Structures are given as C-alpha cells and as structure tokens.
J.: 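Pasting a structure here, questions to come.
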Amino acid sequence: MVTRTPIPVRRAQREIANNLSLARRQQRVTVELLADRAGISVPTLRRLLNEGAGSLENYLRVASILGLLDGAVKATDPLNTPMGRLRADEDTPQRVRR
C-alpha cells in the first residue's frame, strides 16, 4: 500500500537536507569527497542533500562524516521529551506485549 508522505515529514526531510548541505559547505567538503567517505554514490548524496530523500543509514553515514551523528542520536532520546521525562521514574517494561 502506497501512501503519501505527510507534510510535516516532508518538511523535516527538507530541513535536515538543508542542515546537512550547510554543514558540508561550512566544512568545505566537496560532494564527491563526502560521497566517497560515506560510501554512497554522488547521485544518492545529491538526492539526500537536495531533497532529503534517502535511507536512514545513508543519512547517518553523512551525519557521521560531518560530525553530526551524536546530535542525531541525542535528538531521538525519549528522555528529551516531556512524556519521556514523566515516565522516566516509572517502571518501563523491556517490551510491550499484545
């Protein structure tokens, strides 16, 4: 089943792409060198930087090369959310069963 990408997700993809592109330019790294270091093709990197289109693995590879990987990991820490902080004191189950 093919569904459209929600608008907030598309917006986030473009914003992340812009951030990665800016970091690349600030560090004066060429697209070709970044693609080589990340182990991805130049066209794939261009799509990632221009549209935010690509796999999570490729995003993380590029973020790692640009020194942004730790920030990406911290951004997904549930303790950085209001709900996560509220639930931090509760007993969190190891897994959720049906």
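Just so you know, these numbers come straight off a predicted model, no measurement behind them.
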J.: List the atom pairs, donor and acceptor, that lie under 3.5 Å between side-chain atoms in residues 64-81 and the rest of the protein, sequence neighbours left out.
T.:
unit_1 : atom_1 : unit_2 : atom_2 : d
Thr76  : OG1    : Val73  : O      : 2.9
Asp77  : OD1    : Leu79  : N      : 2.9
Asn80  : ND2    : Lys74  : O      : 2.7
Thr81  : OG1    : Pro78  : O      : 2.7
Thr81  : OG1    : Gly84  : N      : 2.9

J.: State, with a plain yes or no, whether a side-chain heavy atom of Val62 is found less than 4.5 Å away from one of Ile40.
T.: yes

J.: Can you name the side chain to side chain contact (heavy atoms under 4.5 Å, CB included) partners of Pro6, sequence neighbours left out?
T.: Pro8, Val9

J.: Using the salt bridge (Lys or Arg N to Asp or Glu O under 4.0 Å) rule, collect all pairs that involve residues 52-64, keeping only residues at least two apart or in two chains.
T.: Glu57-Arg61

J.: Quick check: do Asn18 and Ser21 have side-chain heavy atoms less than 4.5 Å from each other?
T.: no

J.: Does any pair with a residue in residues 2-30 pass salt bridge (Lys or Arg N to Asp or Glu O under 4.0 Å), and if so which ones, sequence neighbours excluded?
T.: none

J.: Do you reckon Leu33 sits in the same ILVMFWY cluster as Leu20, going by side-chain contacts under 4.5 Å, direct or chained?
T.: yes

J.: Using residues 41-50 as the side-chain source, report each donor-acceptor pair under 3.5 Å to any protein atom, sequence neighbours left out, with the distance given to one decimal.
T.:
unit_1 : atom_1 : unit_2 : atom_2 : d
Ser41  : OG     : Thr44  : N      : 3.2
Ser41  : OG     : Thr44  : OG1    : 2.8
Thr44  : OG1    : Arg47  : NH2    : 3.4
Asn50  : ND2    : Arg46  : O      : 3.1

